[in-house]
Structures are given as C-alpha cells and as structure tokens.
Amino acid sequence: MAYMTQPDYVKYVCSCGQIKPITSLYFCRHCLQIRCGFCICHEVDSHYCANCLENMPSSEARLKKNRCSSCFECPSCFHTLSTRATLAQPRQTPEQGSGDSKVENKQAKKMYYLSCFNCRWTSRDVGIPDQPVASGGWPERVNPNATRVNQLLDYYKAIAQQEKQEKLDRERKKFAIRGKYITLTDKTGLTGAMARNIAGLPSSESTMSAIANFVPSVASAEVEELSEEFYTKELNLNQITSMAQRLAAPEWQPSSVARLYPVAKLLSVKRSQRCRACDHNLTKPEYNPGSIKFKIELLAFYHVPEVKIISCEPVRAGGVCQLLLKLSNPTAHEMQLRLLQPADLPQPGAEPDKAQPDTLHSLDTSLEKSLNLDKEEVWRETVQREACVAATCRMLTPDLALTLAQRDDAAEYDDDATHDANDIIMWRKSNKVALRLQVECAAGAAGAATAALALQYRYRNAVPAHEPRDHTLHATLLLHLGDICG
Ligand SMILES: [Zn+2]
Ligand SMILES: [Zn+2]
Ligand SMILES: [Zn+2]
Ligand SMILES: [Zn+2]
C-alpha cells in the first residue's frame, strides 16, 4: 500500500526508534504502540505456490525443498512456464507406410511441453521429451552431489547430537555433585541408551561411528589445467549462461544454455505477525492461499492519524516558509488532535495510559524471549530516537485543538469542502483537514530540510473489555521538505 504520489516524505517514528512511512507500520491495540517490521515477531503460517495456489503444511514443504512439484520457471528469464499441447502424429512403421489404410486407425496423440511466453524458451530446446500428461511427470534430475550432501548432513546431525549429549552429561554431573539428582536408572532401571532407543533417537554408538567414518574433504594445491579450447575456441556469448541463470540451479550451475532445465517454482509463505511485547497478533492472513484478505490486520494506516504534505515553499536558510499539510482521521470514531513539538512529548514510561505495570512486566519477559533485543540494543535505539528527531528545521505548532470526524467512505465522493475563515485551517472535508503552517529554518543550515512534528490524539479502543476505552496517544513524525537553498 505505497503511495505513488508521496513516497516517503512523511515518516513516523516507531516505538523502537525506527523511522518508517505509515504504510510499513502496525499498531498494537493492546499496547497502544506503533510497531514496525523490526520490533514484531514474524511467523510462517502456511506454504503455498503462488502459481497453482496449492498449499501444504511446513513438513511437506521441507520435504519438497520448498518448491512446487507441478509449476516451473523459465531457466532463461525466470517467467513462469506454461504447458502447451501439440498433436503428435503416430510414427509410421515401414509396413504401414507401404500404402494400406492402417495409419488412419491410429489417432494423433496429444503431447505436452513447457514453453515460456516471455522469451520463447521451450523444454524442446534442451531435448526434454514431450510428456503424455499435462501436469507432472517431468523427468527429475538427480543432484550430482547428493551422496556427499547427505554424508555432510548426517555428520553434522551426529555432531549436534554429541554436543547435546555432552551438555546433558555436564549438567548431570553438576546435579550429582550437589547430591540432589536421582538418575532415571536409579528410579526406573532405564539406562540412557534404552531411553534414547524408545525416543527414536540415534544411539551414542551410531553417533560415534558416523563421526568416526566421516571422510573430510581435502584441499589440494594442484589445480587441473584448463583445456586448450578455452584459449583457442572463439566464444559465443549467446551460448553462455548468465550468472543469475547459473545460480537459479545451484546443484548443476550450467555454463551452456543447452543445459538449462526448467526450475521448479519456489513456494511462497503466508505469515502472521505478532507484537513482541504482548504476544497479540498484529496481522493474520486467511489460510486459503487464494484469498488476499486478513483475519486480523492492525495496520497503523487504520489507527494513527495520517499526515500528507499538500505543498511546501522552498526552504531557505534563515527564513520562514509556508507548509500545507493534510491530516486525516482513519478511525471510526471522532478524534481530537493537537500539534506539538517533539520535545514537549511526555517521556516514554511516564505516560499514565501506557505504563501499566502488567504491560511493562510482559514487555520484559518477551524481550528476553525475542531474538536479540538485549539492553544494549534498547540503549542504542533510545539514542537513535533522539537523533532522528534532531531535524534541521523547526515547525511552528499553533496551540490548536482540532476535532476530526470519523472516517466515512461515502464522503470520499463529496466534492464540497468547507472553507474556514481561519488563518491556520484552510479547509475541512469529512474526516480531513488542511492546515497552513510555518516552518522556520536556522541561518547557516544546509543539506536536507527536515522538520519534526508530534501529534497528540485521542484514540478510542475498539477492543472489547479493554478499559479505559479512550486514550491520549502520541506520534512523532519526520517531514522531508526537500533541500535547503542558500
Ligand atoms: Zn519498530
Ligand atoms: Zn505450483
Ligand atoms: Zn523465458
Ligand atoms: Zn502489543
């Protein structure tokens, strides 16, 4: 949902300190905070093929190496390949060809091949025989290094197993020293090996043998010499594959276009996103891969007042210029709004609406859970937040309490706007208001002109059983007003 007209001139400061356009932000209705892709958890919900829309559980997707078994991409231009049908004439045997009517009894058979509608590559180009069925049945190629890859996989699995065992043994020893630990054997007569057997885990003997029997690769200083033809044969670049084409099939990496084979299409995922602080879902797509709808879709775009730049005079160092802004209320409730200086915002944590003790506690535990949001990270973000608000221009914020009506989709078609006789309010139209503001630029300033603005707005929470329902929230924005001219 990106704008074509105003890409990133207006950005919002996320609760983690990142600066993003409103279209890439989320809003947690439970913590009442803006969240971005960096400060939420991403979870894979389902795997599906974007071409045939088949969906599958993750275990099956892993088995198929995250590729669809019936859709292919063009190995030359990566466009999706289409299946084409032709009629194959039955081959004439010599006796049939001798002139009797036996040929007519045999019907022409439908045969299928793959073709790219973009670059005209076909599976016939590389000598793949046509198939009698429309989908599936395409010859599968075996990875030339499959045996070695499996050996390596087994070896690393064995190492992981061994390390786990060593860790367990160490912990057992620690407890045994304290004298508080009763081993399973004491209690049940079950040995560790027996327990592993029951659980279907490899025994420590097989782990040891897998490690012992592994033959590591050996680097060699001697390199085979290039054959003479590399120096003498004229190169035809039309026959050589590009780097992208080679890497599309990492197992084979064909160097000649005659060896390009159809590439099985990679699966896409549907993911749901979760607030790290409260574990509630911020987005949850519908399971059906054909649907583009969401069951939960808490985008900032639907909850945080939106600011767009209508126009801005060129910013001059040491001067004041006029900035026209449009503010809109995306929520289904009337919204009171004030413009503030970012410096006047209450410090995070000091806000009575947000800093409820239980929210803070759950924030702590989920921070521990999350990947690497340790204390240092949080500290860096605080610094970043202060830095990003250090704008080169100062926006003069009039002390004005605005009331914006709720969003009304039908009002989008209204042409009439009410024009206020106000110096600041230019016009109003349903849930939108246009403001005339002044931007001050310090003398001697140079470079990009940016101005920071803070919004204070009343937000009504629609979550049932969420008390209190009305909250005063804040959002900090960074506006890009072009370059400062001298
Ligand atoms: Zn964030
Ligand atoms: Zn598919
Ligand atoms: Zn192609
Ligand atoms: Zn939350």
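Both counts, for ligands and for their atoms, begin at 1 and track the order of listing.
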Under a 3.5 Å threshold, yes or no: a donor from one side chain and an acceptor from the other, between [X] and [Y]?
| X | Y | result |
| --- | --- | --- |
| E297 | T283 | no |
| T241 | R246 | yes |
| Q273 | H42 | yes |

Would you check if the Zn ion (ligand 4) lies under 2.8 Å from any N, O or S atom of C278?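 So C278 does bind the Zn ion (ligand 4) by this criterion.
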Between K64 and E60, is the closest basic N to carboxylate O distance under 4.0 Å?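 Yes, charged N to carboxylate O under 4.0 Å.
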Any N, O or S atom of H79 closer than 2.8 Å to the Zn ion (ligand 3): no
Taking the Zn ion (ligand 3) as the vertex, how big is the angle to SG in C119 and SG in C116, rounded to 10°? 110°
Take atom OH in Y287; do more than 12 heavy atoms of anything else shown fall under 6.0 Å from it? yes
With rounding to 10 degrees, what does the angle C36:SG / the Zn ion (ligand 1) / C14:SG come to? 110°
Report, rounded to 10°, the angle at the Zn ion (ligand 4) between the two atoms SG (C31) and SG (C275).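 Value returned, to the nearest 10°, is 110°.
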